[in-house]
Each structure stands twice: as structure tokens, then as C-alpha cells.
Amino acid sequence: MNLTGAVGLATAKELESRPVTSATQALQGLVPGLQISTSTGELDKTADISIRGTGTIGEGSSGAPLILIDGMEGDLNTVNPQDIENISVLKDAAASSIYGSRAPFGVILVTTKSGKKGKTNVNYNNSFRISTPINMPEMMDSYTFANFMNSGSLNQGGGLIFTEDLMQEMLNWQAAGGGSTGGVKASSNGQWGKPEYDPFTTAWANTNWYDEVYKSSTFSQEHNVSLNGGSDIVAYYASFNYLDQGGLLKAGDDGLQRYNVTAKINTNLTPWLKFNYSTRFTRNDVWRPTSFNSSFYDQLGRATWPNLPVKDPNGYYLDNGWTNPVQNLFEGGKRNAQTDRLYQQASLIIEPIKNWTTHVEFNYSIKNSSVKETSLPVYNHDIEGNVINTNKDSYLYQDQTKENYLNLNIYSEYFHSFNNVHNTKIMFGFQTESMQQEFSSTQKYGIMIGGMPYFDITTGLDGKGNVKATKANGNGKRWKTAGFFGRLNYDYMGRYLAEINMRYDGSSRFRRGSRWQWSPSFSLGWNIAQEKFWESLTDIANTLKLRVSYGELGNQNTTAWYPTYRDMILKSSNGTWLQDSQKPNTAEPGDLVSNSLTWEKVRTWDVGFDYGFFNNRLTGSFDYYIRYTDGMVGPAPELPFTLGTSAPKTNNCNLRTNGWELSIGWRDRLNNGLGYSATFTLSDAKTIVTSYPSNATNTIGLNKYVEGREIGEIWGLQTIGIAKSEEEMQAHLSSLPKGGQEAIGSKWSAGDIMYRDLNGDGKISKGASTLDDHGDLKVIGNSTPRYFFGIDLNADWKGFDVRFFFQGVMKRDYWGKDNFCGYLFGVRGDKDIWHARGLVEHQNYFRAQAIGIDGHELPANLDAYYPRPVFKEGAKNQETQSRYLQDASYIRLKNFQLGYTLPAKWMKNIGLTKCRVFVSGENLWTGTSLSSLFDPETISGGNGGNAYPLSSTWSFGLSLTL
């Protein structure tokens, strides 16, 4: 382990008994500088992991850290959390440089448990969990929604969408306790709704579609059994873990099952030779409805107005003329994904003479993943209950991906101490990696039996009985790396520390001449607490170490495996013309590439210190760093449209990230036996784009990169407020004599937004939306999460233990694109009524006077949060602006635990060594200023922030040791 670099640590105790599905989730907030974020609660999605903020802009390369599990690359989401001994996070270049071309943005080292000398110990623990969705949206009732939609249409200059008679039907239906079945008219052709009655504008049901889609709670369970023991010659460890995670979908079914099997053996073959072997198998089964895909959350709300019933009066699913998401989830087919991973690790440790050790490590893994997906037609029923054949297609889709990864590490190290004062260690070695991937897929039409998804019982016909060609695809690719490395360590009596690293790495991803690169680094440390002049202070300050480091690393993690070679895209039966009565195969060239594309260069400076006071009861560390990403992969400057394709990506972009990390902890035990501890971590990072030639005009806007500006800037207008009267709006427009607000919209009236003239030119405009000409735009926020923090409070006394763990982000602004405004405002001003949705929060919109039918009026609302709803008049009230900029900062009680360990003498009487019972809660409370429409962690997920919810989970369990 590097003693002079920036390293964070999480222990098994901090991870245990958490009701989470993966070790990644349990790590969130534990290590300063380690950023773990999620944008959805979907079970087949994983969290994003980064170390020290943005490493690349992601336009051709990845800034993800390298994850090593017992020295072998792996997926942290598949590790059994109960197997983990500790996790080290290497954050600066000096600490991670020895790992080479895969580690420019840090390394996460996962050390799993091993066998220990002594009698065999058997441990069993379990966890039974009840989860409920967090922040579940609630739809308006149908009558309130009808008024909302009528207001939007009337404000546009249109007529009523819902008649007063229909609105009275809605009230009568609600008064009678009507819900989501019935409440729809029948046409003369014997069908519900169309062609004579559009259910969207003629139905009077009262449906909360979110309640129809999601459960109020779900059950999960986890079981783990392990054994370890050994002698002076052999030590062993084995474990089995089973997780059954229930999903939140009530319509259809989703869930996850994971199986983990681990076995490790460590042997001393001779006094100078050791052999270690481990194997680990993981199976992940994840399932969900086929229609639960990227378009689902666009439909949920837009295609599910509250007045639409889920089912017709006979209890069959209703065809509303667009789509019925609940029916699709139940009847539209199922998607099953299975992923098997087998890891094999073997190593020899040779020490022919004292202090000279050679390691030979062989790592091999196989990953097999398969998807089986059926798409089935859904059927409608007439008023007699007869099936209406939609003649829609059905198909069976299957794909399989196979990966073979091989890694060989050989390195030798020698340690020598001169007079027990000068301590030196030298290491040199070689590493090579090889990854090979193969993919194939088949899609065949005409499923004969929906519950039997096999190609043998498909017809190859579409829904109308016509022959439809089977689709088959496949490809293979590979990459390899090789590296030579060396390290020199020196310390003088533990006071003065120095380390020098050097690597020479090659990657198959780049052409000859650009394939190899050097990666040097160094770090220095001064352990002040070891100085003689410090002896009088050791009772107060036990540890005080200063550190400084610098390192350079190359990043070969390009998005494409062959980034310097142009693809040729081949497709079967894809032509748009017939040749001998058949569609021909086609070929087309891929995008242009740069054959000179090469390594990104990552340089990092780090200065920090570690401290321990009062017999190490008060401990912590601080780091400040600057990281440069040079020659980053990005788009070339724009080329003429006559080229007919996009410009190639080149090494032409640069970033600079400045940041710092702080951790402080107190741990003590009182004379009465009460032990307690408190740990606080805080980190921040800010990234500046120092070169981005593709934006030569310095165009500003969401997700735009501008040279010299901070990543994540949100440019918007400053809001004065909502005009409460026509006179107030006209007075505002009169104060803008050079054009009012016409540059961003027209037909301004009471209930519309008034914007501030920041540049004093007598009008509201966005200029050319460039850095030099931005009109009244200004930076109103930044979407980059800032000031990640964690607070971990623990106490134990006479067998009882309790923990409160809080995690959050102190600063984050957010404004999304496209459907974000539709979800935030309920309507999209630049779209028609089919982009509207009605949630309870949207009821707080501007109304100059009471609306609705007599006796059931909605009162005037001059102090509304939202402007008046308007359809198809542009996004004038929904411009990016200060009033509706979302504050996505938050604090969340991530984990609460209360446990009791039964007295050892009780356990001894029944043959047990230890027994602990516990209750644990996850995501129990959230503090945020964010609109209740959104969750601060998933606001960027789903469709415009309308995402699969996270869960609040209570778990109960016990841990037994024999």
C-alpha cells in the first residue's frame, strides 16, 4: 500500500447489515472523493462510480476508476458484501500509477475475506426486508385535471377540451366511489371509445396511474453462510450468498436474484513457497416486462390522463387509442436477463532468500450474459367481451454475450534496511491483459405460445400472416495491453518517506507509433510525529504526516475498441428495395476516424496530511489536488455539411479539475463501557474546460462545453415573478421599450412570467446565446454535484449497538431538457395537449378567477407557484430561469441500525460463539428543497426526472457464528 499517496478506506463493519443489493450502494458516502450516484431504482441498472469528479467529457473515452477484486479486475456490483474485508480507494496518480493504463482516474481495491488459522468457524446471517417506494407521484383527480386542461386550451385561444356535462359525470363518479374500471362510452360499432368517442376527452373515470403501476411495498430476503479455518500449512474460506430482491412493479413483474459462491485456499508448500487459489462464481437473474423500456416514462403521464380508465366496464383492459401502459406491462411480454461470471485466480509467492519475494499471479474470468425477450400483442375487447384481433406482430428476441479476460502479473520485490535506519524497497515487474468479446442476437417473428419462448415454436410470420425475415446479428472484438513497471521506496527511520514509480504501457487500441507511453510518478512524506523534537507532544498528537505527490498516467479507455479504424456496417435483409423478391443485404461505412488518435494524458498534483490526536481518538486527513486531462478525446471542429458525415474524434480537448477532501473522526470508550464514534467526510471538485475546439463560437446552453468555463454551468434568465394582472404585465412590457419580451414569446398576459432586463438594452432576449453575446442570460446555477458529505454516528454498550449514517450533497442545481419541463410544469408550452400530464403539484397554477362548474369551483390563485398553462405558444414561460431552477442538494438518512449481541456465556451453553440480532433501515428520511415531483438522486434519470423510484427499506435479521 502506498504510504505517501491519497488513500481512503472502508471496512467490513461499515458495510455489514445494510439492506442494499450491492456493495456499490453500501459504499456511498463512506470515502471522501469517491462519488457514487444513481439515477434510477431499476433493478437492472447500476450506480455510476467516479473518483474526484469529472475525468473526461465522455465523448469518446471513459473516466471510470479501475476496480480490482483481490487484485483482479471485476464488477463491484457482483461482489457478495458479506465477503468483503475492506475496500481501499487510491485517489491520486502516485497511489494508482503502479496499476498503469487502466487506472488514470483512480483504483478501488476490494480485499475479500480469507481463511484464518484456528478451528473451523461457521457463520450464518440473514436479512428479511420490506421496501416501499420513495417520493411516489400522485395524479390529480379527473375533475381537477379537466379544469387544468381546459385552462391550457382557453389560454391558447382554443375551446373547452372537457365539457361541463362530462365534468359533472366525473364528480358523480368520484362521489359514488368510482375508480379505474369503467367510466367510458361505447361507440355504435360495439367498441369502447373510438371511433365516435375519444376516451381521452370523453371518459370520466378517476385513475391514479402510479398506483396502478407500482406496489405500495415489496418483500426481499438475503441469506449468507460462510466457513473459515486452517492450520500453519493450509487456511481456507468458503461462502454462499443468495439474494432475492423484489421489484416495485405491480403491473407486470420485476425482480432480481443473485447467487454468489466463493472458495479460497492459502497454502505454505515449503518455507520459501506459497500457493494461493480462489474461485468465485456469480449468477444474476433480472426480469421485467418488455414494455418497461426507455419509452415507458414518456408514456406514464402523457398517455395516462386521470380520467382514463385502466379497464372497461367488463373488466378488460381498455384501448384508449394510444397505449395502455398497464396492459402492456401485464400482457406485452417479458424480458429475462441472466449473467454468469466465473473468476479463477492462482498465485505463487516465492521467497528463495529473506526479503526477496517474487509473485506470479494468473487471473482468468469468463462472463456469459444472455437476454430472452418476448413481445406479445395486446388484445382489446368489445362491449360484449369478444376479442378484437389487432393483428399486431409478436417476436422472440435472444442475444448472448461472451467475454474472456486473462491477466498475468509477474513482479519481484526486495527489501533491505541499512543499520535499521535507511529502509529501501525495490520492485519491478510485467503485466499483460487480454479481453475478447463475442456477441450474437436473433429475432424471429410469430410466437405461437406466449408462455413458451422458443424459436422452434415461432412461425416467422407477422401479425397479418405475412412472412417476415428473421434478424440475425453478431460480432467479435478484442483488446490487449502490456506494461512494464517499477517502484522504489525509501524511508529514514519512518520519518522521511519517498516513492518513485515508473510504467511503460502499450495498448492495442492505438496505431503503431502511438501505442506505447511512459507514466512516471513520485510522492514524498514527512512523518513529523516521528521527529525527536515532537516527543514532548506525542501524548497530544500521535500522528502527523505531510504528503505531496505528482504523477502522470495515460488513459486508454476509449469508448470504441478500435477507435482508429473506420467501421463497415453490414446488415442482412435490410435494403429498402426488392431483389429477386427479397430485401438485399446492405453495407455502409461508419463515421470518419482519426488514425492518429492516442492516449489521453492525466497529470495530478496532490498535497495532503494525516493526523491523529489524543491517543488517536481524533483522526483524519486532508488533501488538495489539481488534475489535468490533456489530449482528451473530443469532436473535431465542425466541417462543411457537404462532407455528409460527422467530424472524427481527436485528442483535442483539455480539462482541469481542482478539488479537496476532508475526513475527521472521533472514537472513544468511557469507563462505564459505552463506546461511541463520529466520522465526518466532505469533498469537493470543480472542473474547467481549458480546450474545446469544436465549439469555436462559444455557444452556451445546457450540456455545452465552452473553453475557459466550468463544466455544468446553467445559463438562464432571471425571473421577476408571475404577473398577477393584465395591468402588471403591461407595465412590465412598457418598461422594456426596445422590444418587450417578444424575442422569446408573444401574447403576454396575466399569469405569464416577467423576466429581468439584465443588460439594460430595453428588451428581454438571449442574444446569440454565445459567451460574447448572451443578451439577458446569466449563469444561474451549476448541475455538477458539489460538497459530497457523509456523517457516520455509532455507539455500543453492553451488547447493544446503534448506527446513524447520513449522506448527501450540499450544492447542486438542476435544469433538464425536453420532457423535464413537461414533468415540472405539467404542460410543455411548445407542444400540444398530448404532452400534458397532471400531478397534484401542478394544481398550484395561476388562475385569475375561479374556474369549474357551479358549486365545485377551483378558487382563483394569484400567488401560484406555476404560471398559467398554455398549449402551443412556445416555451416562453418555461425558459431556463431562476424561479424554477431546481435545488437538488439534499441530506438523506442512508442507514439506521440497532443491534444486540447476546452474551457470550449464553451462547456457549447452546454451542454458539456469537449471535447478533438487528433491525436496519435504508433511505429512511430525506431533507431537501427540491420540488416534491423529484427525488434528488434520480432527478436526472427516467424521462425528464420521471423515474423508477428508490426504496425505503426496513430489514430484520440475525447473525450466528458456530
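Residues take their numbers from the sequence shown, with the count starting at 1.
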From CA spacing to verdict: salt bridge (charged side-chain N to carboxylate O under 4.0 Å, His left out), Asp792, Arg803: CA-CA 7 Å; Asp792 200 355; Arg803 182 193 191 194; 2.9 Å; yes
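- Residues Val89 and Ile51 meet the side-chain proximity criterion, which asks for heavy atoms closer than 4.5 Å.
- For the side chain to side chain donor-acceptor pair (under 3.5 Å) criterion with Tyr236, the lone passing option out of Asn228, Asn266, Thr120 is Thr120.
- In this structure, Arg288 pairs ionically with Asp44, as a charged nitrogen and a carboxylate oxygen lie closer than 4.0 Å.
- Using a 4.0 Å cut-off between charged side-chain N and carboxylate O, Lys798 and Asp796 make no salt bridge.
- One finds a salt bridge joining Asp801 and Arg916 here, because a Lys/Arg side-chain nitrogen approaches an Asp/Glu carboxylate oxygen to under 4.0 Å.
- Under the side chain to side chain donor-acceptor pair (under 3.5 Å) test applied with Tyr242, the options His223, Glu222, Gln257 reduce to a single match, Gln257.
- Taking the six-membered ring for Trp and the full ring otherwise, the centers of Phe934 and Tyr823 sit less than 6.0 Å from each other.
- The shortest non-hydrogen separation linking Val802 to Phe896 is CG2-CE1, 3.8 Å.
- Salt bridge absent: Asp83 and Lys113 never bring a charged side-chain N and a carboxylate O closer than 4.0 Å.
- Between Glu403 and Arg341 no salt bridge is recorded (no basic side-chain N to carboxylate O distance below 4.0 Å).
- Under the rule for a ring-ring contact (aromatic ring centres under 6.0 Å, His included), the partners of Phe296 that lie at least two apart in sequence or sit in another chain are Phe292.
- The closest donor-acceptor contact from the side chain of Thr290 to the backbone of Thr374 lies under 3.5 Å.
- Across all their heavy atoms, Ser22 and Pro81 have their closest contact at C-CG, 4.2 Å.
- Ring orientation note: the planes of Phe240 and Tyr259 are tilted relative to one another, at an angle of 30° to 60°.
- Salt bridge present: Lys264 and Asp70 bring a charged side-chain N and a carboxylate O closer than 4.0 Å.
- In the model, Asn80 has no side-chain atom that pairs as donor or acceptor with a side-chain atom of Asn260 under 3.5 Å.
- Ring geometry, Phe219 versus Phe128: the interplanar angle falls under 30°, so the pair is classed parallel (tilted spans 30 to 60°).
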Working for salt bridge (charged side-chain N to carboxylate O under 4.0 Å, His left out), residues Arg52 and Glu661: CA-CA 9 Å; Arg52 292 185 163 180; Glu661 298 152 356; 2.7 Å; yes
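- One distance of note links CZ of Arg669 with OG of Ser677; it measures 9.5 Å at 0.5 Å rounding.
- Contact check for Phe805 versus Leu793: no side-chain heavy atoms found under the 4.5 Å cut-off.
- Atom CH2 of Trp925 has more than 12 neighbouring heavy atoms from other residues, nucleotides or ligands inside a 6.0 Å radius.
- The cationic group of Arg280 lies under 6.0 Å from the six-membered ring centre of Tyr343 and within 45° of the ring axis, placing it in a cation-pi geometry.
- Distance CG/Leu15 to CD/Gln82: 9.5 Å, rounded to 0.5 Å.
- No more than 12 heavy atoms of other residues, nucleotides or ligands shown are found within 6.0 angstrom of NZ on Lys13.
- Look at Lys334 and Glu373 and you find no salt bridge, because none of the NZ, NE, NH1 or NH2 atoms lies under 4.0 Å from a carboxylate O.
- A donor-acceptor pair shorter than 3.5 Å cannot be found between the side chains of Tyr237 and Asn121.
- The pair Lys894-Glu937 counts as a salt bridge, with a side-chain nitrogen and a carboxylate oxygen less than 4.0 angstrom apart.
- Thr928 and Asp887 form no side-chain donor-acceptor contact under 3.5 Å, judged by distance and modelled atom types alone.
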